[in-house]
Every structure is written in structure tokens, then in C-alpha cells.
Amino acid sequence: TVAEQTTEWLETVSHSLLVCSQQKELTSKKRDEFEDILEERRLSSDLRYAMKCYTPVIYKGLSPCKPNAIKSAVLQSEQVQYVIKQLAKEMGESPDIIQEEATEILDEMGHSMQLGAVRFFAFTLSKIFKQLFQRVCVNEEGMQRLQHAIQEHPVVLLPSHRSYVDFLMLSYLLYTYDLALPVIAAGIGKDDFLGMKIVGELLRRAGAFFMRRSFSGNRLYRAVFAEYVKTMLRSGYAPIEFFLEGTRSRTAKTLTPKFGLLSIVMEPFFKREVFDTYLVPISISYERILEESLYAYELLGVPKPKESTSGLLKARRILSDNFGTIHIYVGQPVSLRTLASGRINRCPYNLVPRHLPQKPSEDIQEFVSDVAYKMELLQIENMVLSPWVLVAAVLLQNLPAMDFELLIEKTLWLKGLTQTFGGFIEWPDNLCAKKAVVSGLTLHSNIARLVDGHVVLNDKGEEDGAVGEIVFKHALAVLMCATYRNQLLNVFVRPSLVAVALQMTRSFRKEEVYSCFSFLRDVFSDEFIFFPGISLKDFEEGCFLLTKCDAIQTSQQEIYPTDKGSVIVSFLSAMFRPFVEGYQLIFRYLSKETKEAFTEKQFIPGVRNFVFQLLEKGNTQCYEALSSDMQKNALAALVQLGAVKKKKMSNGFTYSVNQEAVNKILDMFDARIPVQKPVAARL
Amino acid sequence: RQELLKWNGWGYNDSKFIFNKKGQAEFTGKRYRLGGMVLPTFKEWIEKTFGASLEHKTTSRASLNVNDVPLSTVNEEFLQDLRATKISYSQDAEDRVFRAHGHCLHEIFVLREGMFKRIPDIVIWPVCHEDVVKIVELACKHNLCIIPFGGGTSVSSALECPEEEKRTIVSLDTSQMNRILWIDEKNLTACVEAGIVGQDLEKQLAESGFCTGHEPDSMEFSSLGGWVATRASGMKKNIYGNIEDLVIHIKMVTPRGIVEKNCQVPRMSTGPDIHHFIMGSEGTLGVVTEVTIKIRPVPEYQKYGSVVFPNFERGVACLREVAKQRCAPASIRLVDNAQFQFGHALKPQVASIFTSFLDGLKKFYITKFKGFDPNILCVATLLFEGDREKVLQHEKQVYDIATKFGGLAAGEDNGQRGYMLTFVIAYLRDLGLDYYVIGESFETSVPWDRVLDLCRNVKERIVRECKEKGVQFAPFSTCRVTQTYDAGACVYFYFAFNYRGISDPIHVYEQIERAAREEILANGGSLSHHHGVGKLRKRWMKESISDVGLGMLRSVKEYVDPNNIFGNKNLL
């Protein structure tokens with residue numbers, strides 16, 4: 001009827017208006033210009049630079065103090081003393097002994113910033129960085145904002161973590177801009193880091209401090225550590241720096257955040273010991289990652305060389321190599337006070353003395369988690385993508401060999417698409433596509449090369465060995481290449497999962513597509529970064545972006561690809577196919593091969609062998625399923641979906657599989673049965 | 001009394017700050033020690049602190065415009081009944097406006113530039129308890145709304161008439177109930193009618209050699225009944241206690257009848273203390289008519305004192321230690337640096353070259369010799385009372401503690417001036433209003449360990465909110481610790497800003513004050529230490545005392561006053 005047509009028409013109009021307004025928002029997000037800090041270094045003396053007058057701006061409320069004074073303040077604090085007394089009572093030991101232990105812990109992690117060490121680093125790092133990198137580009141406006149922030153409130157730096165270079169580079173950067181060097185909470189694994197004695201000690205003197213990677217259960221360590229961080233923060237002594245991701249991402253894909261440290265640095269604000277705290281997301285993007293091949297080996301389960309001092313010395317070989325450009329984007333400082341306004345029930349903090357350890361309430365935990373995700377999404381937003389990232393993404397869909405000209409054409413096409421989706425590509429205006437691809441290939445000649453007008457992966461050993469050897473070499477090349485494609489994934493994930501859902505459901509009904517999208521989002525919740533709980537919003541954003549690039553059209557009830565859009569839809573779903581197929585393989589392994597409870601240590605080699613055999617037989621082409629990262633994520637997803645039970649035992653966690661549940665998920669995944677999930681919210 | 005007081009500002013008509021012909025600040029009148037003195041540095045301080053200029057002036061209406069005043073609507077039958085009781089009353093516009101407000105900033109602003117939407121329809125002056133009983137009975141009979149009025153010094157919007165009140169509003173002015181009924185020297189108690197004003201009470205008791213020792217800053221104008229109704233606190237509570245410690249017996253007239261205890265004892269265990277339903281009820285339950293209050297012999301000796309601390313942190317630590325050792329003098333207060341400088345700006349012109357030379361020497365000693373930064377240091381003022389010998393002993397103990405926290409004795413005179421300023425400071429707002437500066441004070445109580453954080457954060461919040469709301473000149477945002485307790489302290493904030501360029505200054509002011517209160521609560525401070533809730537702070541009551549707590553208070557109200565005769569809408 002006429003009335004219906006009119007309403008429909010009105011809806012279309014209002015929708016397109018909405019799209020327009022959103023579009024405006026996206027394009028108006030202007031990013032800062034970059035400045036190469038190495039340029040200056042190449043022109044003037046490093047020694048003079050290292051010896052320059054270094055008078056960093058400081059927090060306005062700072063009362064200057066020596067590291068030792070901080071240590072004793074931590075030790076004597078009510079918080080630490082309380083835990084010492086508690087432990088003494090529980091263990092029947094004298095408080096003095098425990099106090100001694102606390103002192104040792106403090107010495108182990110305590111930093112002591114010495115200008116000499118800082119200058120030494122400034123000098124050495126200048127030399128090294130100039131060797132390794134072509135350019136180190138920084139958004140200067142970000143640095144200026146940071147400078148203001150440091151004077152105003154305590155600052156927490158939250159960089160992305162792709163390489164050990166991250167924190168060296170960040171300290172170097174702050175030194176260059178005459179800002180206070182950050183105090184870094186870097187993890188100590190076994191044999192990690194602290195083992196690197198000389199470098200470790202130097203780092204400590206330059207201001208790094210160390211935490212054990214895992215200290216759950218050790219209350220004394222936790223108390224000392226937390227108090228140390230908070231004392232630093234309250235006094236505004238120096239910015240605190242740590243990695244939300246907890247560890248270096250081996251896949252260049254942002255890892256899901258860890259909450260422990262974040263909740264510690266937020267506590268002084270919750271308790272109003274500080275007026276506010278600034279959280280500064282920092283995105284560090286590498287054109288070529290220093291550890292790329294190490295990571296690939298590690299993901300395939302080949303033990304990585306220990307990060308010992310001698311290992312680093314051997315890494316001298318690396319020095320002769322070229323690692324391209326680094327982009328560091330210092331994001332807008334985010335006021336914790338603003339984030340928290342109206343969200344935190346203040347009562348719990350008013351009714352208990354502030355020095356008592358207190359388990360955060362549920363709404364605090366939820367808030368911390370939201371902030372963590374928000375910060376990671378901000379990191380992702382400002383990651384710089386190099387042309388090579390696009391090349392890698394195209395290449396991986398066209399193995400084993402791809403025509404060079406076609407590759408260039410597709411890369412250029414993908415550039416447009418990426419920009420439509422809000423990706424931040426560093427592609428100089430005057431650079432032609434061919435040059436961009438060639439320079440990418442040159443920089444990454446260890447991964448791919450040009451043979452007879454075709455680009456192929458660099459996956460050949462010296463001799464053609466056994467089948468296993470071939471599979472392994474190929475997997476290595478694929479994973480290395482994937483590391484670069486991965487940098488696109490979090491930009492693409494929302495529209496792509498809509499595309500995957502469209503293909504999986506083979507339906508145009510919005511409701512069904514959304515159910516499937518929502519299911520995929522849950523399954524991949526450890527694989528990609530989604531802000532907790534806003535599935536519908538993610539779906540709408542995905543649809544919006546697809547509409548924006550004319551890939552789909554939507555009405556009130558339906559979504560359907562346009563004629564032109566099928567190319568995009570199939571490209572996007574192909575981009576995520578390794579994950580869909582990889583998860584299917586892993587789920588299949590779990591549903592068939594595991595009858596008894598197992599540990600993660602048993603699971604990883606088991607599933608690896610399973611996939612390896614399939615690859616050897618040629619029954620699958622999904623090399624990425626060999627990645628231990630994907631395997632862990634898939635397992636974690638099943639735990640979250642309730643199909644696998646995770647139990648804490650004395651020696652770690654064990655898992656047991658609910659076969660029926662896994663089969664059901666597998667069926668949904670294989671699109672044998674429709675996704676059964678009530679539509680959470682009205683579309 | 002009404003004639004002696006300003007109709008649109010604080011205090012006595014004859015006492016105010018002015019700028020004389022030479023452009024110097026001066027305080028008029030002879031009532032205060034500052035009276036008639038020229039304050040040479042004050043003008044500069046105002047200009048520097050607020051960016052205010054004497055050229056930009058606003059003027060209040062010179063007098064009340066009677067035509068603006070809402071008409072009085074009173075039922076004729078009630079008037080007949082009232083006349084029969086012979087209790088005096090008035091429907092005069094000025095009388096009614098005078099009792100339509102307290103001393104919140106917005107109320108004074110309305111007086112200067114606008115008019116209240118709703119004011120009392122009639123003012124009644126009972127002279128004794130029996131009169132009050134009759135009035136309340138008549139109010140019940142005719143279904144009227146009674147708002148008790150004492151000294152009118154409320155700063156919680158407690159006296160504002162609810163706009164939507166359709167019934168006749170009776171302002172029950174207790175000022176004529178101002179006799180001391182008896183003094184019991186054996187038990188050291190006195191029975192006093194509730195309308196008596198603080199300074200009259202002390203004056204009359206002093207004739208017999210006694211005092212109550214209850215000295216809120218408003219004691220010149222506030223009344224005994226008002227103290228009870230708001231849970232007041234006095235400056236010298238360390239010796240004499242707050243109102244809840246002083247009160248032995250209360251008689252209150254409610255719509256249900258009279259509530260009182262059957263004896264006058266120091267303590268009793270008879271269920272929850274009914275006095276605690278009355279104290280802090282803010283006129284929602286009835287009218288307090290007679291109070292038996294503790295009295296003490298007038299102290300033999302009084303001595304002021306002051307201590308300079310290198311910074312506020314050390315000062316607070318010292319006050320905490322004093323509280324810990326339970327040796328607080330009658331009064332001990334700590335002002336922050338901004339308030340110290342403010343006090344400094346109010347120094348009168350010195351009489352001789354010699355005193356000015358001495359002042360210079362003192363300043364040199366403290367800043368140069370002792371290395372105190374004049375922009376960081378802070379001052380504590382002290383008041384000791386009691387036997388001469390004990391006072392001197394006590395004084396030494398306190399100064400010894402102060403020394404441990406880096407404090408330097410700074411003389412009696414500075415201490416005395418500090419307390420005198422407490423009374424005079426209230427007059428300053430009227431001066432500010434003439435020059436586009438608005439301000440107010442508010443208070444809270446807070447555990448010791450949070451005092452510093454609370455002070456810093458609230459001051460910072462005020463500065464930020466001002467900036468966000470478009471206040472062009474950084475505000476004057478300052479605090480002082482005014483009372484010490486075993487478990488915490490009372491903190492007082494002053495906050496003022498230059499509102500030139502802002503179209504709706506009162507609204508902006510209220511938003512900022514609300515933000516500051518939010519900040520106080522988030523820092524573990526209370527909703528109020530002694531100002532009360534009134535209508536100004538009602539929104540936070542539930543959070544403050546929990547749902548059930550609020551329900552308990554409501555059920556008392558429902559029983560005592562089911563028809564909401566005492567309908568000022570305070571508290572609940």
C-alpha cells in the first residue's frame with residue numbers, strides 16, 4: 001500500500017542520512033603529521049645528543065625524591081606492612097623475615113634511574129636504530145599533548161607490543177623530546193630478560209623495572225609490586241609504562257588485554273589519592289618486525305633461542321639488515337576521571353580503610369575491562385599500515401604464485417577499501433603502486449620474491465627434503481606473511497564477519513545474518529578485539545562499512561550483496577577463511593581425538609600433529625592452523641562458549657571436552673545447521 | 001531586631017565593607033574590632049585574586065519593591081481564631097520577605113535582583129511554649145503549613161517556601177521566646193526558650209557567671225532552637241561539645257502533641273534517643289520551644305595563639321597528632337595558603353612605624369631565616385580556655401607538638417585576628433556581589449587519612465569546573481580544617497569567582513557547588529558536618545544514609561506529622 005511504501009521510503013531516507021552523518025564523522029577524524037626523529041640524528045653528533053642538557057618537564061605536584069626513598073616508602077607503607085603482618089601470622093614466621101623477603105622483591109624489581117645509563121643508552125640506541133631502521137616517525141603533536149599531560153596528572157603509557165624494540169624505542173623517544181623517562185613494568189619470564197644480565201642491569205638503571213610474569217598466589221609479591229606502581233603514580237615521579245597485551249604479540253594481531261596492571265594503576269584514582277590519571281594509548285607499527293622469523297618458529301612450536309645476552313650479541317647479524325620504517329603514534333591522553341564519571345559506585349572505597357587489599361567489585365572489574373578494550377581499540381585505530389601489509393593480504397589469497405601486475409592492481413584496489421574502512425595507510429601521495437609493491441618486496445625479500453613475472457613465497461629449503469620438511473618450510477613462510485596481513489584484520493573484522501555470515505547463512509534475512517555474525521564474534525572473541533557486549537553495534541558498523549563501499553544494500557529486513565559487491569564480499573570472507581577453517585580443524589580435533597582431560601601442554605602438540613598430518617596428506621591447505629596462537633585462542637573460545645571445561649589443578653589448568661557441545665558448534669560453523677541463538681536485541 | 005539587620009545581605013546594617021573615597025577598603029561600624037579600620041592591601045588582593053575591577057560594579061535594589069511581593073492569602077476564619085489567642089502576627093510584605101529565605105547565595109541574589117516565587121503568607125510571634133501549642137493546634141485545624149523561623153541564618157535552602165505549597169504558609173518566628181527560664185547551679189544546667197539568639201544567651205548567662213560555650217560562627221544571629229534543629233557545631237566544641245553533647249532536655253510541639261523526656265539526666269538507656277529524632281529534623285516535625293542546656297562557669301583565662309607550618313601537609317599531620325593525644329585546645333583551626341594570604345590582605349593599616357618594622361622582621365625570620373615559602377606555608381590558629389595555669393601548661397604541650405611538625409609559633413595577635421575574621425568574613429560576600437564576585441562556603445567531615453586528598457581534589461575540581469563552565473578568571477578556591485575529632489576532621493571550603501561574561505552566574509555557581517559536593521562524597525567525605533541538608537543537599541540523602549535509613553526517617557515523619565503541617569520539605 002501507499003502507506004507502507006511511504007514508511008519504507010522514509011526509513012531509507014533516514015538511514016541514508018544516518019550513513020551520511022557517520023561518514024562525516026569517519027572522514028573528519030584527521031590524524032597528525034609524522035616527523036622522522038632519525039633525520040636529525042643522521043645530521044648531528046650522537047655524542048652531543050647523548051650529553052645534551054636533559055631537564056624533563058615534571059608533574060606539577062611532584063615532590064622530588066630518590067629511588068631509594070621510594071623503595072623505603074613502599075616497604076614502610078601501610079599496604080605492604082599489612083600484608084607482611086598477615087603473612088607472618090598465617091605462616092607463624094617472624095615479620096622480620098617476611099620483611100626481608102619483601103626487600104629482596106623490591107630490589108629485584110626496583111628501578112634506579114641514573115642519568116649516566118640513560119646517556120649511554122641514548123648514544124648506543126642512536127647508533128643501533130640508525131643501523132636498523134630507515135626512519136622512526138613520530139607524531140609531534142602527540143608528543144606535545146603528552147608533555148602537557150605529564151605536567152597535569154600522573155600518566156600511564158599504554159603502547160602496543162610487537163617487539164622488544166618497543167620499550168627501548170619509547171624511552172629513546174621520550175629522552176629525545178625532553179620528557180621524563182617512563183618507569184616500565186616489563187615481565188620476567190623464566191630465563192627471560194633478567195637473564196640478560198648486562199642489558200637487564202642497564203635497563204634497570206635507565207628506569208625499567210621488572211615484574212614476574214605470573215605472581216598469582218604470591219601475595220607478598222603482589223602487594224609489594226602493586227604498592228610500588230601506585231607509589232610511582234601517586235608521586236607523579238615518572239610516567240608508568242606497561243603493555244596491555246601482557247606480552248609481545250607473535251602474530252602482529254593485537255592480543256586481548258590483561259587487566260591486572262591496569263586495575264592497579266587505576267586504583268589511586270578510584271580511591272581519590274590522585275585527582276585524575278591520564279591513559280595514553282600508543283601505537284607502534286613496524287614496517288618489518290625484528291623478531292619476525294623467531295615468532296614464526298615459536299608459533300610452529302620450535303623452541304626459540306633464549307633471549308640471553310649472547311643471543312643478543314649474535315643478533316649483531318641482524319644489524320646489517322634493513323627493517324624499514326617505524327611509526328609511533330602517541331594518542332590523545334584519555335582522562336580516567338572522564339571515563340569513570342557516573343560509572344563507579346563510590347561506596348566500597350569509602351567504607352574500608354584504603355590500605356586494605358580489597359577485591360574490586362563487579363562494576364569496577366567490568367569498568368577496567370571496558371577501559372582496557374577501549375585503549376586497545378584506540379591503539380588499533382592509529383596503527384600505521386604499510387603498503388606491504390596490503391601486498392601480503394592479497395598474496396595470501398593467491399598462493400602459490402601470483403601474477404605481478406595483478407598483484408599491483410589488487411593491492412591498489414585493497415588500498416582504497418582499507419581507507420574506506422578507516423585504516424591508516426602510510427602511502428606517499430606521489431608513490432605509484434608498482435614502486436610501493438617493489439619496495440615492499442625488497443624489504444621483505446626473506447618472505448617473498450619475484451620469479452618470472454610472478455610473486456611467490458620464499459619457502460624453499462636448500463634441498464627439496466621430505467614431505468614434512470616442505471610443509472614446515474611452507475608453513476613458516478605463510479605464517480611470516482600472515483604476520484603482515486594480520487595487521488589489517490582488526491580494521492576489517494566487522495565488515496568481514498558480516499561477509500562471512502552472509503556466505504555461511506546463504507540467506508539475506510538480516511536477522512539470520514546477525515545471528516551468525518554474533519556467533520562468529522563470540523567464537524573469535526579471543527582472536528580479534530571487540531568491545532565487550534556490543535554485538536549489535538559491531539554488526540551495524542560492519543553493515544555500514546559494507547554499504548559505504550557499495551558491497552551490500554540493506555533494507556529493514558534484508559541484506560544482499562550488490563552485483564559489484566560480490567568481489568568485495570568474497571575477498572573479505574577469503575581474508576578470514578584461514579581462521580574459519582583453522583578453527584574448524586581445531587574443533588574437529590577436539591571433538592574426535594580427545595576423550596580425557598588434558599593440559600595445554602598436551603593440547604598444542606596434539607593438535608599440531610593432527611593438522612600437520614592433514615597438510616602432509618594434502619587434505620587441507622590451512623597452514624595457519626599450525627599456529628599455536630590460533631590453537632590457544634580456539635581453545636579459549638570453546639571454554640567461553642561452555643563447550644570445554646577448564647579446571648584449576650595444582651599443576652595448572654586441565655581441560656575436558658563436552659563432545660556434544662563441540663560437535664554442535666562445529667555443525668554451526670560448517671553451516672550444516674543454522675546458528676541457534678536468540679536474537680539478543682531488536683535489529 | 002529586624003531593623004538592625006540588612007534586608008538583602010549578611011548581618012548588621014551598619015557593618016559592611018566599602019571602598020572609601022581614596023579607593024581603599026574599609027570596614028564600617030563599631031561592632032567589630034576591624035570596625036572603622038582601613039585595609040590598605042585588600043583592594044589589590046581582590047583585583048589579583050578575582051581579576052575584579054572597581055570600575056565594574058553592580059548595585060542591588062536600594063529597598064524592597066513591595067509591589068513585587070506575592071500577596072498574602074490567609075483564611076479569614078483562621079485569622080479570627082488567631083486574634084482570639086492574642087498572639088501577635090503580621091501580614092506586612094517586608095516582614096514576610098525577611099522570613100522567606102536563609103543566606104544561600106541564590107537567596108541573596110534573588111533579594112538583590114528579583115523576587116521569590118513563594119513566601120510566607122503570615123508571620124506569627126509566639127512568646128511562650130503555650131502560644132506555640134495554640135498555633136500548632138490552629139494550623140492542624142485549618143490545615144496550614146508552618147515553617148519555624150529562628151535566626152534565619154540557614155545555608156541549606158531550609159527556609160525557602162516550597163513553590164507548590166497551596167496552603168497558607170505560616171512563618172512561626174521564635175524570636176520573642178528568648179528568656180532564660182531558670183538556672184540550676186547545682187547540676188550546671190539552664191532551661192532556655194528556644195528563640196534566644198546565641199550572643200544574648202551568652203551575655204545573659206555571663207551575668208550569673210556562666211556560659212554554654214557553644215559558639216557557631218553565626219552565634220550573633222542564630223538561635224538555640226535552630227542549633228537543635230540542624231545539629232549545630234560550635235567553634236569551642238573541644239571543651240564544651242557540639243549541640244548533641246550540650247542538650248539535656250528538649251521540649252518540642254508537634255501536630256501529634258508535645259514530645260519530651262520525663263527527667264533531666266545526663267544519659268539514659270530507653271531505646272533510641274528521641275533527642276536524635278529532633279536534632280537535625282530541620283523543622284519537619286515540629287517547633288522546639290524549650291531546651292535545657294549544660295552550662296559552665298565562665299573560664300578564668302583565655303589565650304589566643306597561632307602557628308606557621310611550612311606547608312598544609314605538615315599542618316594537617318600536626319592537627320592529627322594533637323587529636324590523637326586528645327589535647328586539642330578549645331579551638332584549633334588550620335587555614336591553607338590561599339586563606340592565609342587572604343587574612344593577610346585584611347590586615348589593617350598599622351599604627352606606627354615600629355609595628356610595621358616588627359612585622360617586617362617577623363616576615364624576614366619566617367621566610368628567609370626558616371626558609372618557609374610564603375606561597376606554600378599555612379597557619380593554624382588556636383584558642384585556649386580555662387585556669388590560667390592549666391592554659392599555659394596546655395599551650396606548651398600543643399606548641400611542643402607543633403614544633404615536631406616544623407611549626408613556628410606566630411603570636412597571639414595573629415590568632416585573635418583569625419577568629420575575629422571568622423565573624424567578619426561573612427560580610428565579604430556582600431562586597432563581592434557589588435563587584436561581580438559571587439561565592440559561598442560549604443563544609444564536610446572526613447576521616448583523618450583522607451583529609452589531604454579531599455582538600456586537594458575538591459579545590460582542583462572547583463578550578464576545573466569553573467574553567468569548563470566558562471569562568472574566565474581562575475576562582476578563589478580554598479579550605480581550612482576547622483574541627484578535630486578522634487577519627488577525623490571537619491573541613492570548610494570557601495569558593496568564589498568573578499562572573500563577568502557569564503549570563504546565568506547563579507546557575508553556574510550551583511552546578512559547580514554540586515560538582516564539588518560530588519567530589520567530597522567520592523573522597524569519602526560526609527554530606528554535611530553541621531550546615532544540615534535542607535533542600536539544597538536532599539538529592540544525596542539516600543546515598544548518605546541508605547534506602548532503609550531514609551525509610552526510618554520517613555516513618556517518623558509520617559507518624560508525627562501525617563498531614564505535613566511542617567511542610568518545609570527539608571531533609572526527606
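Labels below follow one simple rule: chain letters A, B, ... track the order of the sequence lines, proteins then strands, and each chain is numbered from 1.
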Assess whether side chain to side chain contact (heavy atoms under 4.5 Å, CB included) is satisfied between A:Arg354 and B:Asp453, documenting all intermediate values. CA-CA 12 Å; A:Arg354 292 185 293 180; B:Asp453 287 333; 2.9 Å; yes

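- Enclosure of atom CD in A:Glu362 is not indicated, since only 12 or fewer non-hydrogen atoms of other residues, nucleotides or ligands lie within 6.0 angstrom.
- One distance of note links CG of A:Asp276 with CD of B:Glu460; it measures 8.5 Å at 0.5 Å rounding.
- Contact record, B:Asn457 with A:Arg272: ND2-O, 2.9 Å, taken as the closest heavy-atom pair.
- For B:Arg450, the parts sitting under 4.5 Å from any heavy atom of chain A are the backbone and the side chain alike.
- When heavy atoms are compared at a cutoff of 4.5 Å, B:Glu518 approaches chain A by way of both its backbone and its side chain.
- When every heavy atom of A:Asn350 is checked against every heavy atom of B:Asn523, the shortest pair comes out as OD1-C, 4.1 Å.
- Taking all atoms of both residues into account, the shortest heavy-atom contact from B:Arg461 to A:Phe275 is N-CE1, 3.5 Å.
- Looking at B:Leu452, neither its backbone nor its side chain comes within 4.5 Å of chain A, counting heavy atoms on both sides.
- For B:Lys538, the NZ atom sits in a packed shell: over 12 heavy atoms of surrounding residues, nucleotides or ligands are nearer than 6.0 Å.
- Residue contact with chain B, scored on non-hydrogen atoms closer than 4.5 Å, involves the side chain of A:Arg337 exclusively.
- Crowding of B:His276 atom NE2: a count of heavy atoms from other residues, nucleotides or ligands under 6.0 Å exceeding 12.
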